[in-house]
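Since the structure comes first, as structure tokens, the remarks are kept for the end.
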Amino acid sequence: MTPLKPTEDPWLALEIGNSRLHWALFIGNTLNCTWDTDHFPESSTPQLPECKSLADLPPEILPSFITGKLGGKNSTHPPIFLASVVPQQTALWQTHPHVRIITLPEIPLLNMYPTLGIDRALALWGAGKNWSFPMLVIDAGTALTFTGAAANKSLVGGAILPGLGLQFNNLGEKTAQLPQLKQEIISLPPRFALNTPAAIQSGIIYTMLAGIKDFIMAWWELFPESKIVIKGGDRILLCNYLQIQFPEIAAHLIVEPNLIFWGIREIVAAFPVN
Ligand SMILES: Nc1ncnc2c1ncn2[C@@H]1O[C@H](COP(=O)(O)OP(=O)(O)O)[C@@H](O)[C@H]1O
Ligand SMILES: CC(C)(COP(=O)(O)O)[C@@H](O)C(=O)NCCC(=O)O
Ligand SMILES: [K+]
């Protein structure tokens with residue numbers, strides 16, 4: 001891989017989550033734009049190892065406006081810094097000539113355990129470096145996770161539960177009489193509902209909001225001054241309802257969709273260049 005001049009060269013960040021791929025284009029240290037794409041279908045076997053130039057990347061991965069920003073299809077392929085929590089998807093990229101996979105030991109957090117998700121570690125590192133430690137990150141993604149570190153950048157720990165989409169899908173799939181609902185809740189349902197869809201929405205949303213509040217309160221008992229950042233595909237929906245249910249808590253949350261990319265940028269900046 002050609003060495004990177006961190007101040008001016010373009011590079012791509014790719015986070016592979018359990019629902020989709022999250023992409024960012026950086027020019028040096030500056031985030032230029034972000035986009036999301038689907039996982040590769042398991043049936044397809046993209047010829048990623050053959051990717052020598054940008055023209056070889058499928059258009060559903062690299063939209064044409066991004067190729068344009070990079071100087072067109074014939075320009076040199078920028079490096080892709082990849083962090084993934086989906087091993088089957090990582091495997092597809094492993095042999096790509098311009099991909100560099102970020103691993104847990106490269107993240108300078110202390111006290112990490114070996115199976116900690118790289119997305120959680122990067123988001124926490126990115127948040128702490130941007131806003132300061134202690135720090136608690138809430139990731140409202142496929143899974144909902146809480147991940148916290150103390151002032152000395154040491155992982156305190158966290159928690160994992162099914163995210164909003166998973167809760168709705170699981171309930172719809174594993175019960176005979178419950179419908180598959182979309183998690184787009186237009187407004188907060190009545191707490192004590194008189195029809196099935198509203199009862200499902202009530203159960204899921206009120207317990208999730210109460211759970212988030214409880215974890216935040218427990219964290220503030222340990223670290224009263226800590227900032228809290230929330231990311232992930234369901235962040236806006238959850239923040240909107242937190243705002244209604246627990247406005248004093250919602251007011252303290254920093255909402256940041258690009259947290260993982262700040263984490264990746266920190267690691268790339270520390271990446272040795274010739
Ligand atoms: N366009 C979208 N595609 C998929 N999920 C979405 C989209 N917009 C919002 N979501 C919500 O985002 C959640 C997934 O969050 P995301 O941060 O994308 O997941 P991951 O990083 O785990 O792949 C889903 O539960 C879903 O409700
Ligand atoms: C908890 C996760 C599934 C979250 O994944 P996501 O919802 O962001 O796709 C992922 O961070 C993971 O696989 N973690 C490994 C276990 C751990 O962090 O302890
Ligand atoms: K994630």
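FYI, side chains are in, hydrogens and waters are out, and symmetry mates aren't considered; it's all heavy atoms of this structure. Atoms within a ligand are numbered from 1 in the order they appear, just like the ligands themselves. One is the number of the first residue; the rest follow in order along the sequence. Quick caveat: nothing in here was measured; it's all calculated off a predicted structure.
- Scanning all heavy atoms of the two residues, the minimum distance from M112 to A121 falls at SD-CB, 4.0 Å.
- S154 places no side-chain N or O within donor-acceptor distance of the main-chain N or O of N111, the cut-off being under 3.5 Å.
- When only interatomic distances are considered, the shortest N/O to N/O separation between T145 and ligand 2 does not fall below 3.5 Å.
- Taking only nitrogen or oxygen atoms, main chain and side chain alike, A143 reaches within less than 3.5 Å of ligand 2.
- Minimum-distance N/O/S atom of E15 relative to the K ion (ligand 3): OE2.
- Within the listing of ligand 2, atoms 11 (O), 17 (C), 18 (O), 19 (O) sit less than 4.0 angstrom from a heavy atom of R120.
- Annotation: angle subtended at the K ion (ligand 3) by D119 OD2 and D139 OD2 is 80°, to 10°.
- Residues that satisfy the side chain to side chain donor-acceptor pair (under 3.5 Å) test with E106, not counting sequence neighbours, are R100, T103.
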Dump all N/O pairs between ligand 1 and the protein below 3.5 Å as a table: atom names plus distance, one pair per row.
from, atom 1, to, atom 2, distance (Å)
ligand 1, 1 (N), R20, NH1, 3.4
ligand 1, 15 (O), G233, N, 3.3
ligand 1, 17 (O), G233, N, 2.9
ligand 1, 18 (O), R20, NE, 2.6
ligand 1, 18 (O), R20, NH2, 2.9
ligand 1, 21 (O), H22, NE2, 2.9
ligand 1, 22 (O), N18, N, 3.4
ligand 1, 22 (O), T142, N, 3.2
ligand 1, 22 (O), T142, OG1, 2.5
ligand 1, 23 (O), N18, N, 3.4
ligand 1, 23 (O), S19, N, 2.8
ligand 1, 23 (O), R20, N, 3.1
ligand 1, 23 (O), H22, NE2, 3.4
ligand 1, 25 (O), D234, OD2, 2.9
ligand 1, 27 (O), Q183, NE2, 2.3
ligand 1, 27 (O), D234, OD1, 2.8
ligand 1, 27 (O), D234, OD2, 3.4

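- Near G117, meaning under 4.0 Å from any of its heavy atoms, are these atoms of ligand 2: 11 (O), 14 (N), 15 (C), 17 (C), 18 (O).
- Ligand-side atoms of ligand 2 in range of N18: 3 (C), 5 (O), 6 (P), 9 (O), range being under 4.0 angstrom from any heavy atom.
- At a heavy-atom cutoff of 4.0 Å, ligand 2 is contacted by the side chain of I160 but not by its backbone.
- R235 pairs in a side-chain contact (heavy atoms from CB on, under 4.5 Å) with only one of the listed residues (V229, V255, L253, N240), which is V255.
- For the salt bridge (Lys or Arg N to Asp or Glu O under 4.0 Å) test, no residue two or more places apart in sequence or in another chain qualifies with D119.
- Distance alone, capped at 3.5 Å, is enough to place a donor-acceptor pair between the R120 side chain and the F146 backbone.
- Between the choices D119, V85, T142, I260, the shortest heavy-atom distance to atom 11 (O) of ligand 2 belongs to D119.
- Nearest heavy atoms, M208 versus Q167: CE-NE2, 3.3 Å.
- Inclusion of Y113 in the set of residues having an N or O under 3.5 Å from an N or O of ligand 2 is warranted.
- Heavy-atom minimum distance, L54 versus G72: CD1-O, 3.7 Å.
- Here the side chains of L14 and W93 are in contact, with some heavy-atom distance below 4.5 Å.
- Within ligand 2, counting atoms from 1 as listed, the ones closer than 4.0 Å to a heavy atom of T115 are 15 (C), 16 (C), 17 (C), 18 (O), 19 (O).
- Under a 3.5 Å cut-off, the side chain of Q180 and the backbone N or O of N169 do form a donor-acceptor pair.
- Remark: A150 pairs with N152, V156, F223 by the side-chain contact (heavy atoms from CB on, under 4.5 Å) rule, at least two apart or across chains.
- In this structure the side chain of N32 reaches within 4.5 angstrom of the side chain of K69, judged on heavy atoms.
- Of the polar atoms of G17, none of the N or O atoms is found under 3.5 Å from an N or O of ligand 2, judged by distance alone.
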